Amino acid sequence: MGIIWALLTKDLRLLVRDRAGFFFTFFFPLIFAVFFGTIFSSGGGPAPKLQVALAVADDSPAARRFAEALASADEFNLSRVNTVEEARALVLLRKAVAAVVIPPGYGAAREAVFSGPPAEVQVGVDPSRAAESGMLQGVLQKYAFVDLVASMRDPVVMRAQTAAARSALAASSSVDPATRLILTGLFTQLDAVAGRLGQPSSTRDQSATTNNGFTFQPVRFVTSEIRPLRAGPPNAYAVSFPQGIIWAVMGACMGFAVSLVSERTGGTLARLRVAPIARWKVLLGKAAGCFVTTTGVTGLLLGVSMLPPFGVRFAAPLTLAVAVACAGLGFTGLMMLIASIGRTERACSGVGWGVMMVFAMIGGATVPLFVMPEWMQRLSDISPMKWTVLAIEGGVWRGHSLAEIALPCIILVAIGLIGFLVGWKLFDREPTT
Amino acid sequence: MLHWQDVRKSFASVRAVDGLSLSVNAGECLGLLGPNGAGKTTSLSIAVGLLVPDSGRVVLRHNGADHSPAEPAVRALIGVAPQALAIYDQLTGVENLRFFGALQGLTGRELTRRVAEVLDLVGLADRAAHRAAGYSGGMKRRLNLAAALLHKPPLLLLDEPTAGVDPQSRNAILRILADLRSAGHTIIYSTHYMEEAQRLCDRVAIIDKGRLLAVDHIPSLIAAHGGDSVVELLHARPRPGADSPVERITTSDPLETLRAALARDGRDPAAPQLVSARVAGPDLESVFLKLTGRTLRD
């Protein structure tokens, strides 16, 4: 243990005295996290479009017309799905703010717009996104009335609607004479207007109802709550700090990789190898330095993220601790792998940073994973940074259980083990000159 | 104490060590003399287990038993000063030595005491708290040597420990090593400086192109391979028929040659006055030249 401790403290001392390395390991990630967290917190720019899932369960022309109106709406990013369950699933997975369902019977109800119950549209919303849901309902109302106006501009549709209403009125026995008189006159006039391609002069209040079952509400939106499986990040810092952590562990990883190559080229590794200690202890000592640095800097950044200006609260502290440890193991293995790539410090640094930057960009260290397009999210599977971000976000804001971060953690530990084995081979590799 | 037994080692098509069989006895200083690329460093690397020979083996005999230097416990018997400066520039002299001492199993007060002792020995006590990055080349070399001495190893393998240092530091290092030899340490000293080998080593092994050309005590090597002496006479003016006032005579008996030259000039009244006479005997350089056909600096 004394040997490993000696190696570890020596490497940490060297890290602290390398000012550039220390900056990129400790301060650059902090600046990154605070800078991007602040930018994303302050908003600005156009509001993003609402992600809405739409399922059409009615095969009527009215349903198709309404669906097309929604599809062409500027306020939405509409995902057309085939079933109600699929639409709800998108909300459950936080891939949509709301699930809009046009149920069977919608078309028939729209035909009887001046009589009978109003057409229903079911809207399942994520209650944690109340503002967006409210905005969504307003937009849906707008398109319902747009559809109504469009139908009233269509004399065929309008005359069909008034004919249906007049028939319903004639068949109804519960309408009092005064109302019947008023409505008969209204429908006659509407029919005349439709005949002259007349245009309506005002919109109608969706909540307006008449007595005795005669309503005038083009569409009734029946809302329900769909609670997503997970809550979203509480603030932008909960996203930017895990990203900053990636930069920190990358800095530590590269610093140790280059220092290991320096030890080899400078001759100190030879001195370690001729020391009267088992070689695995020397290797473990090197790895321990990297592990302590990566976990230490991760802990430091997480600690800073909890301070008042940032206010990040960890959803699953135990998960986070395990994730940090696994990330440390994974990046220690990466360090060994990178150190085995280059025979010189320059080669190691060049190749290492080149590979790391690509991994970082596709792995969520620059753009959060959850805003990436789907194909890029799939591509990011090859990046160790993705698994690190997923594991750490699992503890920071996703509230994942240990079982839920098992996959990222297994991948990270596997990277660590493979790297350690490659490092072992490297350590025993003979010089070629 | 340490024995190379028909050791061979190649890197790709280059044969770095070609059938080396060599022994160093306990308490002696053996010089490995050869030009750059002769195979000295490879031979030493095999001896400490850093390289595995293609064939043959190296044996360290200790307490009546043969050991491989690859065994960790055996490596405690060896102190190595690599040719490269194997120290950490960003650590101070003390921090470097404390770290390397810890690797050798030294702890606590013993570690502190030994660090202080070797710092004093190599003359770095007053700069111990400074980072090695600020040391001169000679000081770094001394720190490199000090790291090999911390655990008082009976066998020292020193690979060109004076490479690139100023004469003052070179003298200091050679003085330290002479003291260590006197104290009973076994030293294997690799160098391409003939004068260092002559000054320090009991025996010298001459190596070139991976092969051992000769190994013996220095006088024996010179007697066997050094060739003739050169008597150099400086006259007041060139002798009749000569272009230069310096006359060089190669001879196996320089004293008789000098006597004959004086007698010759005494018999000739027209001979120029003899100003000075110098006898240059054969040395390791001439031994190396004789054995390899080229000088150490080639």
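Chain identifiers are assigned alphabetically (A, B, ...) following the order of the sequence lines, protein sequences preceding nucleic acid strands; residue numbering begins at 1 within each chain. Owing to the predicted nature of the structure, the values given are computational and were not obtained by experimental measurement.
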Any side-chain heavy atom of R181(B) sitting closer than 4.5 Å to one from C29(B)? yes
Determine whether a donor-acceptor pair (N or O, by modelled atom type, separation under 3.5 Å) exists between the side chain of R170(B) and the backbone of A163(B). no
Side chains of F11(B) and L51(B) in contact at under 4.5 Å (non-hydrogen atoms): yes
Check whether any side-chain heavy atom of L272(A) lies under 4.5 Å from a side-chain heavy atom of I277(A), and answer yes or no. no
CE of M306(A) to CG of L301(A): how many Å apart, nearest 0.5 Å? 13.5 Å
Counting only N and O atoms by type, is there a donor-acceptor contact under 3.5 Å from the side chain of R271(A) to the main-chain atoms of A86(B)? yes
Examine the side chains of E196(B) and T162(B) and answer whether a donor and an acceptor come within less than 3.5 Å of each other. yes
Shorter than 4.5 Å, heavy atoms on both sides: which option in G285(A), A270(A), S262(A) has the most such pairs with chain B? A270(A)
Within residues 87-98 of chain B, which positions have a heavy-atom distance to chain A below 4.5 Å? I87(B), Y88(B), Q90(B), L91(B), T92(B), E95(B)
Looking only at the side chains, is there a donor atom on one of E160(B) and Y193(B) sitting less than 3.5 Å from an acceptor on the other? no
Considering only heavy atoms, give the residues of residues 13-27 of chain B separated from chain A by less than 4.5 Å, sorted numerically, with 'none' for an empty result. none
Checking T42(B) side chain against G39(B) main chain: does a donor-acceptor pair fall under 3.5 Å? no
One pair to check against side-chain hydrogen bond (donor to acceptor under 3.5 Å, both in side chains): D159(B) and S190(B). What are the steps and the verdict? CA-CA 5 Å; D159(B) 192 1; S190(B) 158; 3.1 Å; yes
